[in-house]
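I have placed the structure first, in the form of structure tokens, so that the comments after it can refer back to it.
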Amino acid sequence: MAALAGCLRCALKPLLPVVQTGDLGARRWVRALRRNPVKVVFPSGEVVEKKRAPGKQPHEAASEANPEEQRRKQPLHMSPSRTPSTWEEAGLHYDKAFPGDSRLRSIMTIVKSRSFRERKGKILLEGRRLIADALKSGAVPKVFFFSRLDYVKELPADKLKGVSLIKVKFEDIKDWSDLVAPQGIMGIFAKPDSVKMTYPETQLHHSLPLLLICDNLRDPGNLGTVLRSAAGAGCSKVLLTKGCVDVWEPKVLRAGMGAHFQVPIINNLEWESVPNYLPPDTRVYVADNCGLYTQAQMSNKASDHGWVCDQRFLKFHKYEEEVEEDKDLETGANKGWLPDLEVQNYDLDWTEAPAAVVVGGETHGVSLESLQLAESTGGKRLLIPVVPGVDSLNSAMAASILLFEGKRQLRVRAEHLSRDRSYH
């Protein structure tokens with residue numbers, strides 16, 4: 001036994017100096033303190049006796065007993081200097097929606113009712129990009145519904161003063177939205193006024209003496225796409241006559257992809273007031289696909305050249321014949337009630353003067369008033385030829401072809417003028 005004890009002393013001897021003279025860290029003492037948090041003996045011989053406060057956990061007592069541990073953790077307990085964000089500096093705050101909140105029902109009312117939108121002068125915008133474009137153009141927000149606070153903090157704080165901010169569940173936004181992937185934020189805005197809005201400088205810089213008149217466009221997707229093409233081509237203005245779908249309908253906004261805030265749009269116009277919105281000397285051209293009545297004017301074999309038959313002009317021609325049959329032949333009335341417009345292929349020059357293009361809906365086509373306006377301004381029918389047997393082009397596609405053809409003609413004319421000036 002004596003030999004065994006001697007061996008143990010020899011084995012432990014190298015470790016004793018380490019325990020007695022080693023510079024142990026605070027963590028080692030904390031572990032010891034957890035076992036007996038009443039008294040602590042430091043290597044220097046200092047004895048610290050600390051009674052644990054009632055209900056305090058051992059690791060909390062350990063931190064108080066060890067000065068070095070307190071110094072190490074002190075920065076974490078200090079209250080940092082407050083540096084408020086721009087959103088906070090603006091004094092903005094938000095409310096959380098409660099079950100049955102009446103403010104939430106107003107969203108679906110605005111979405112579904114055109115009469116409500118027109119009567120209250122409010123529209124609904126969805127998505128961060130569309131809302132940001134609206135704010136840049138000067139649209140006035142009233143209420144924002146959002147599922148995450150970050151979505152609101154992305155918006156300019158100065159534009160949110162006086163705006164009601166309401167946080168809702170994302171599931172609620174999914175129920176209200178007709179998007180496949182809702183973006184978590186919706187805004188109710190005052191209906192924008194094209195006169196008061198601010199449009200992008202690049203859009204104004206590239207604006208052309210080219211207008212678009214929408215006549216009886218009733219499909220939301222078509223109208224939104226037409227507006228997007230008008231903005232892309234550089235139209236200076238878009239006019240919508242009565243009979244078109246509401247330009248602020250959510251489906252039109254979604255298809256427009258922000259075009260509502262890039263080009264001035266004036267909607268719900270009577271045909272009598274349309275000339276008031278046209279620049280001086282503007283010629284009105286009617287998109288025409290083109291109808292048997294017009295094909296006969298161009299060629300006896302128009303179908304051989306691929307002119308598409310459009311049934312809506314047959315309606316005019318049939319009505320003309322019925323009226324003439326009912327009239328007394330002795331009055332000598334002629335068959336010239338339908339405006340006599342020259343037909344021109346769309347790729348021939350028609351932009352020598354400021355031009356306005358009329359595009360009609362696929363169901364009802366262009367109105368008689370549009371033909372009369374074209375005749376009074378010296379305009380023509382613009383024909384887009386397609387393969388025989390193919391139905392007339394989609395309204396949005398026809399508008400895009402004509403607008404970008406007009407853009408091309410204006411660019412070519414500008415290049416010729418620039419070349420002529422350089423010669424002189």
Side-chain angles (χ1 to χ4, degrees), residues 75-113 116-179 181-203 248-250 252-254 256-262 265:
L76 298 177
H77 297 288
M78 291 178 61
S79 58
S81 59
R82 184 177 180 276
T83 55
S85 64
T86 305
W87 199 80
E88 294 168 338
E89 289 175 350
L92 301 174
H93 65 278
Y94 66 92
D95 300 326
K96 288 187 178 180
F98 53 86
D101 197 327
S102 61
R103 294 172 296 183
L104 308 184
R105 291 196 297 268
S106 64
I107 288 186
M108 295 310 298
T109 305
I110 291 175
V111 170
K112 295 180 179 179
S113 174
F116 182 89
R117 291 193 297 266
E118 293 178 349
R119 185 172 67 255
K120 297 294 184 179
K122 295 180 180 179
I123 62 171
L124 178 69
L125 303 181
E126 181 178 3
R128 285 174 279 175
R129 178 178 175 180
L130 186 60
I131 289 175
D133 290 343
L135 293 174
K136 288 179 183 178
S137 68
V140 181
K142 299 296 183 182
V143 184
F144 280 121
F145 299 92
F146 57 93
S147 60
R148 291 179 55 183
L149 187 59
D150 293 342
Y151 297 155
V152 181
K153 288 188 175 183
E154 293 175 354
L155 304 176
D158 60 324
K159 302 285 188 179
L160 302 179
K161 292 181 180 179
V163 180
S164 297
L165 306 175
I166 304 174
K167 189 173 187 225
V168 299
K169 294 181 179 180
F170 183 72
E171 288 73 17
D172 293 332
I173 291 184
K174 287 176 63 178
D175 292 339
W176 304 331
S177 174
D178 57 354
L179 298 179
Q183 298 185 27
I185 184 170
M186 292 178 167
I188 296 179
F189 284 72
K191 184 179 290 188
D193 185 351
S194 60
V195 177
K196 299 179 181 179
M197 291 175 65
T198 303
Y199 298 97
E201 289 294 333
T202 53
Q203 191 74 24
W248 299 109
E249 184 180 291
V252 181
L253 286 163
R254 185 169 69 251
M257 293 293 292
H260 292 70
F261 307 106
Q262 296 175 338
I265 301 173

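Ring orientation note: the planes of H260 and W248 are tilted relative to one another, at an angle of 30° to 60°.
Here R148 contributes atom CZ and E154 contributes atom CD; the two are 8.5 Å apart, rounded to the nearest 0.5 Å. The CG atom of L135 lies 12.0 Å from the OG1 atom of T198; values are rounded to the nearest 0.5 Å. A distance of 10.5 Å separates NZ in K169 from NZ in K96, rounded to the nearest 0.5 Å. Note that NZ of K159 and CD1 of I131 are 14.0 Å apart. Values are rounded to the nearest 0.5 Å.
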Show me the side-chain donor-acceptor pairs of residues 181-194 shorter than 3.5 Å, one per line, residues at least two apart or across chains.
from	atom 1	to	atom 2	distance (Å)
Q183	OE1	R128	N	3.1
D193	OD1	V195	N	3.1

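Within 6.0 Å of atom CZ in R119, more than 12 heavy atoms from other residues, nucleotides or ligands are found, so the atom counts as buried in its surroundings.
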**OP:** Show the numbers, then the answer: is there a ring pair (Phe, Tyr, Trp, His ring centres under 6.0 Å) between Y94 and F144?
**Re:** CA-CA 10 Å; Y94 66 92; F144 280 121; over 10 Å; no
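Taking the side chain as every heavy atom from C-beta outward, S177 and E126 approach each other to under 4.5 Å. Here the side chains of D95 and L165 are not in contact, with every heavy-atom distance at 4.5 Å or above.
The side chain to side chain contact (heavy atoms under 4.5 Å, CB included) test applied to S113 returns S115, F116, not counting sequence neighbours. Judged as a side-chain hydrogen bond (donor to acceptor under 3.5 Å, both in side chains), and not counting sequence neighbours, Q262 has no contacts. The side chain to side chain contact (heavy atoms under 4.5 Å, CB included) search around L130 returns L125, L253, F261, not counting sequence neighbours. Not counting sequence neighbours, S137 has no partner by the side-chain hydrogen bond (donor to acceptor under 3.5 Å, both in side chains) test.
Scanning both residues, A259 and I265, for their nearest heavy atoms gives O-CD1, 4.5 Å. Between A97 and V168, the shortest heavy-atom contact is CB-CG1, 3.7 Å.
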